[in-house]
Enquirer: 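Below you'll find the structure I mean.
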There are 2 protein chains.
Amino acid sequence: MNWQEVLSENGYRVSEPRRLVMQLLENSSQPLTPLQIYSALLQSGNTLGMVSVYRALELLTELCLVCLVYNSDGSPGYVLGMGGHHHHILCQSCHKAASFAGSEDLSALIEKVEADTNYRVKDHLLQLYGICPACQEKQSVRQEGN
Amino acid sequence: MNWQEVLSENGYRVSEPRRLVMQLLENSSQPLTPLQIYSALLQSGNTLGMVSVYRALELLTELCLVCLVYNSDGSPGYVLGMGGHHHHILCQSCHKAASFAGSEDLSALIEKVEADTNYRVKDHLLQLYGICPACQEKQSVRQEGN
DNA sequence: AAATTAATTGAAAAACATTATCAATAAGGG
DNA sequence: CCCTTATTGATAATGTTTTTCAATTAATTT
Ligand SMILES: [Zn+2]
Ligand SMILES: [Zn+2]
Ligand SMILES: [Zn+2]
Ligand SMILES: [Zn+2]
């Protein structure tokens, strides 16, 4: 099921702003803010209102077609969502994002936390931070240069 | 080492706004936004500038005396930081936060992600969401009432 | 305890970001 | 192709964060 179908099946229209936002995120390797999305789309000759970007992101997030992630400095951005349980890893240097399957086993941790805090655990937020292949390359080149 | 010492040892002064922000967070069970902190402090008869709240939070976060966390709706807030590796669990109903030791073992996951994505993992963001004891209580009472 | 000094504050303004309103537009069904 | 209604976008209002800089204050020195 592609994103157009997800929209339709949930009673939403496949409108121009939504299409533009999805297209841009599909081609962006790093999380973008609403303003970055708006600017990029204008720059590439499209015409749409800032407001539509906000509304598109809100809806697409709700439908899990895009995800809200946080850079290592805490600043938020939107990336394309993958279906199913997954998480993201972000490059601390260039902010490039990749996703990985949510195959982690948190059951031991959850059990312990429930016992310690008496909270009942329902969900989790997990992101990894690191260095992407390209930035590793750059770093080792700089190393050699010194 | 208390927070006053952390400030001093790092060459920062123990100023009034910093004291007020720390005091408030020490007594707050849920994440607060800069504005909420500012308002609460004014309300309780103190006098300080909004700007100082922002600056205090920035510094205290840098020194790990407070932590930036995200509610389940994605909205950010600040809570008191604990020393050492730890994470937070937030109530999806009342937003009350608790912390727990970072005793999770992510090594298997990290190995897999590094193999799959070629990123080199350096750090992680982990939060749990759930229902706090008080809200569990409220929910079961409502259940019985029906 | 007073003087010294540099970090820190806060008022005001500027810059930036988000939300509300509502008439005009366009997507999708018939 | 037309109709209906979801959706858009211009504008304005609202809210948040950053900048600036003279005044203040914490901590150190005398
Ligand atoms: Zn990178
Ligand atoms: Zn997961
Ligand atoms: Zn609760
Ligand atoms: Zn951890």
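Heavy atoms only: backbone and side chains are in, while hydrogens, waters and symmetry mates are out. Order of the sequence lines fixes the chain letters, A, B, ..., with proteins taken first and strands second; residue numbering starts at 1 for each chain.
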Enquirer: Using a 4.5 Å cut-off on heavy atoms from C-beta on, say whether the side chain of Leu57(B) contacts that of Ile37(B).
Expert: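 Heavy-atom side-chain distance check passes, below 4.5 Å.
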Enquirer: Looking at Leu80(B), is its backbone amide N or carbonyl O close enough to the side chain of Glu26(B) to form a donor-acceptor pair, meaning the two atoms are under 3.5 Å apart?
Expert: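 Not confirmed, Glu26(B) side chain does not pair with Leu80(B) backbone.
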Enquirer: Kindly work out whether a path of hydrophobic side-chain contacts (I/L/V/M/F/W/Y, heavy atoms less than 4.5 Å apart) joins Val66(A) to Leu7(A).
Expert: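 Hydrophobic grouping puts Val66(A) with Leu7(A).
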Enquirer: For Tyr129(A), is there any backbone N or O sitting under 3.5 Å from a side-chain donor or acceptor partner on Asp123(B)?
Expert: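 Such a contact is absent between Asp123(B) side chain and Tyr129(A) backbone.
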Enquirer: Please give, in whole Å, the distance from dG29(C) P to Leu7(A) CG?
Expert: 13 Å
Enquirer: Both Ser8(B) and Leu35(B) contact DNA chain D. Taking the nearest nucleotide for each, which residue is further toward the 5' end?
Expert: Leu35(B)
Enquirer: Please tell me which of the listed nucleotides, dT18(C), dT16(D), dA27(D), lies nearest to the side chain of Tyr54(A)?
Expert: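 Minimum distance to the Tyr54(A) side chain belongs to dT18(C).
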Enquirer: If you count every heavy atom of other residues, nucleotides or ligands that lies below 6.0 Å from Met82(B) atom CE, does the total exceed 12?
Expert: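 Open.
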Enquirer: Hey, what are the protein-to-nucleotides 23-25 of chain D N/O distances that come in under 3.5 Å?
Expert:
residue	atom	partner	partner atom	Å
dT25(D)	O2	Arg13(B)	NH1	3.3

Enquirer: For Asn71(B), run the side chain to side chain contact (heavy atoms under 4.5 Å, CB included) check against Pro31(B), Pro76(B), Cys91(B) and tell me which one passes.
Expert: Pro31(B)
Enquirer: In whole Å, what is the span from the CD atom of Gln36(A) to the P atom of dT18(C)?
Expert: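 The answer, rounded to whole Å, is 11 Å.
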Enquirer: Determine whether Asp116(A) and Phe100(B) make a side-chain contact, defined as any pair of heavy atoms from C-beta on separated by less than 4.5 Å.
Expert: no
Enquirer: When the distance from CG of Asn46(A) to P of dT8(D) is rounded to whole Å, what number comes out?
Expert: 14 Å
Enquirer: Roughly, in whole Å, what's the span from CG in Leu41(A) to P in dG9(D)?
Expert: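 Whole-Å distance recorded here is 11 Å.
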Enquirer: How many Å lie between CG on Asn10(A) and C1' on dT7(D), as a whole number?
Expert: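 Taking CG of Asn10(A) and C1' of dT7(D), I get 16 Å after rounding.
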Enquirer: When you compare the protein's N or O atoms with those of nucleotides 9-11 of chain C, which come within less than 3.5 Å of each other, and at what distance?
Expert:
residue	atom	partner	partner atom	Å
dT9(C)	OP1	Ser15(B)	OG	2.4
dG10(C)	OP2	Gly49(B)	N	3.1
dG10(C)	OP2	Ser52(B)	OG	2.4
dG10(C)	N7	Arg55(B)	NH2	2.4
dG10(C)	O6	Arg55(B)	NH1	3.2
dG10(C)	O6	Arg55(B)	NH2	3.4

Enquirer: Do the side chains of Arg19(A) and Glu16(A) get close enough for a salt bridge, i.e. N-O under 4.0 angstrom?
Expert: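 Yes, charged N to carboxylate O under 4.0 Å.
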Enquirer: For residues Leu48(B) and Tyr38(B), determine if any side-chain heavy atom of one lies less than 4.5 Å from a side-chain heavy atom of the other.
Expert: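 Leu48(B) vs Tyr38(B): side chains touch.
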Enquirer: To the nearest angstrom, how far is Glu58(A) atom CD from dA20(C) atom C1'?
Expert: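 Spelled out: CD on Glu58(A) to C1' on dA20(C) is 13 Å.
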Enquirer: Atom CZ of Arg19(A) and atom P of dT7(D): how far apart are they, to the nearest Å?
Expert: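 So the two atoms are 14 Å apart, to the nearest Å.
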